[in-house]
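Encoded as structure tokens, the structure appears first; notes follow it.
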Amino acid sequence: MTLLDFRLTESNPIPLDGLPAHVGDTPLLPLRRLTSNLSAKVKVFAKAEWFNPGGSVKDRPALNIIQTAIANGDLDNGKRLLDSTSGNMGISYATFGAALGIPVTLAVPANASAERISILKALGAEIVLTDPLEGSDGAILKARELAEENPELYWYANQYNNPANWQAHYLSTGPEILVQTNATVTHFVAGLGTSGTLMGTGKYLREHLPYLKVIAFQPDASFHGLEGLKHMPTAIKPGIYDESLAGNPLEVQTEAAREMVSRLAKEEGLFVGISSGAAAVAALEVARQLDEGVVVTVFPDAGYKYLSDKNLWK
Amino acid sequence: MPVLRIPTPLRAYTNGQSTVNVTGNNVSEVLTDLTKQYPTIKPHIFNEDGALRPFVNLFVGESNIKDLQGVDTPIKEEDKVMLIPSIAGG
Ligand SMILES: Cc1ncc(COP(=O)(O)O)c(C=O)c1O
């Protein structure tokens, strides 16, 4: 159906299903102009995760973590959901927390972008800012400390170690990609934050397509500007990350990702965040080495939260 | 002497030090002194043209040098300068 096909009909029921029903089922968009130099039999696609109601891929794990916790009674007696986040996971928790009446407390590094902190406040989350010099690992340690000190007040969601994180992708992102590519996907490429996207999607697709290649990427150094991604050798390793699924990660330089962010906007009409730029760099690097194949990656969020970075789209 | 605070991901290049005493009258001079004391840190902060890499944030006290005079921002003896990493993970 296209916009022009849409007609109001008397039989359309009023939808009563709320935000959670609109998580996932995101478009799979082709990169067209950026791939014009590739073999004609090579296609590259990206999951447009900013179509989620909370604006990023993190709606999937956040919703699954919350629904699992509700089912287990973890959030009974007015307990607050507690976690550490660089921003996007917090925005998703705060979105569904507000919609479902669950109070949310987040440990966030003080150098998280101003846009992210403003959005978290707008959604009513309680924010504990942590030392910017310690980055997201400092926020993880703070959340652990708060959880240990106040077990009756908080339920610690622990996105880095909670299996409901990767299972969200196993149950949604993976099946969507299988269907949207008619099972023709040959390479799945994803960045590493908590690794939930890579682990869940990669595992599902590999089970259904045994010859599929799963490729991870990470920043090329410990000090980098790829917001949302981790340099695994120098960071606290997420409990859910299993290196054996994808083998050695590709490395993406921050400058290359930033240049790609600008090209995606100008050449593809895709106004996306920095980790999406990195995903495109990695996916195109994989695609260039193929004679034929279907490469799928994930674009985690849109560009709005990065507008305070004045040089990005110059 | 001004003090430069180093984020965890860069401490591998400062012998694990979280603060480094530096000399200089502005941000540029202070960073040059840092790279003299710890040469291996240089490519992490500066690009090949000698400009600051685009995602590197420096704060003098509470203010980002991007809102002041950039690398020409003056530094006083008692100033604390903070080099800020971007946000990683989750
Ligand atoms: C912008 C952005 N990109 C990528 C990721 C990484 O996703 P994952 O945690 O599933 O590895 C995140 C995670 O928060 C993110 O916020």
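Letters A, B, ... mirror the listed sequences (proteins, then strands); counts begin at 1.
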### Task
To the nearest 0.5 angstrom, please state how far the OG1 atom of B/Thr19 sits from the CG atom of A/Leu133.
10.5 Å
### Query
Which bit of B/Phe59 comes within less than 4.5 Å of chain A, counting heavy atoms only: side chain, backbone, both or neither?
neither
### Query
Non-hydrogen atoms of chain B under 4.5 Å away: do they reach the side chain of A/Ala235, the backbone, both or neither?
neither
### Query
Would you say A/Asn248 has more than 12 foreign heavy atoms packed within less than 6.0 Å of its CG?
no
### Task
Tell me, for A/Gln218 versus chain B, whether the close heavy atoms (under 4.5 Å) come from the side chain, the backbone, both or neither.
neither
### Message
Under 6.0 Å between ring centres: does that hold for A/Phe223 and B/Phe55?
### Response
yes
### Query
Between B/Arg11 and A/Glu134, is there a salt bridge with N-O shorter than 4.0 Å?
yes
## Note on the structure
If one checks every heavy atom of A/Asp131 against chain B at 4.5 Å, the contacting part turns out to be side chain
### Message
Can you tell me how far apart CG (A/Asp220) and NE2 (B/His44) are? Round to the nearest 0.5 Å.
### Response
8.5 Å
### Query
Side chain, backbone, both or neither: which part of B/Leu83 has a heavy atom under 4.5 Å from chain A?
both
### side chain to side chain contact (heavy atoms under 4.5 Å, CB included) assessment of A/His224 paired with B/Arg53
CA-CA 10 Å; A/His224 66 87; B/Arg53 294 180 71 193; over 6 Å; no
### Query
Is the number of heavy atoms from other residues, nucleotides or ligands under 6.0 Å of B/Gln37 CD greater than 12?
yes
### Query
In this structure, are over 12 heavy atoms from other groups packed under 6.0 Å from A/Lys237 atom NZ?
yes
#### Entry: 4.5 Å side-chain heavy-atom contact, B/Pro54 and A/Arg258
yes
### Task
Return yes if some donor-acceptor pair links the side-chain N/O of A/Ser222 with the main-chain N/O of B/Leu10 below 3.5 Å, else return no.
no
### Message
Take a 6.0 Å sphere around NZ of B/Lys66 and say whether it holds more than 12 heavy atoms from other residues, nucleotides or ligands.
### Response
yes
### Query
Does a sphere of radius 6.0 Å around NZ in A/Lys266 hold more than 12 heavy atoms from other residues, nucleotides or ligands, not counting ones at 6.0 Å or beyond?
yes
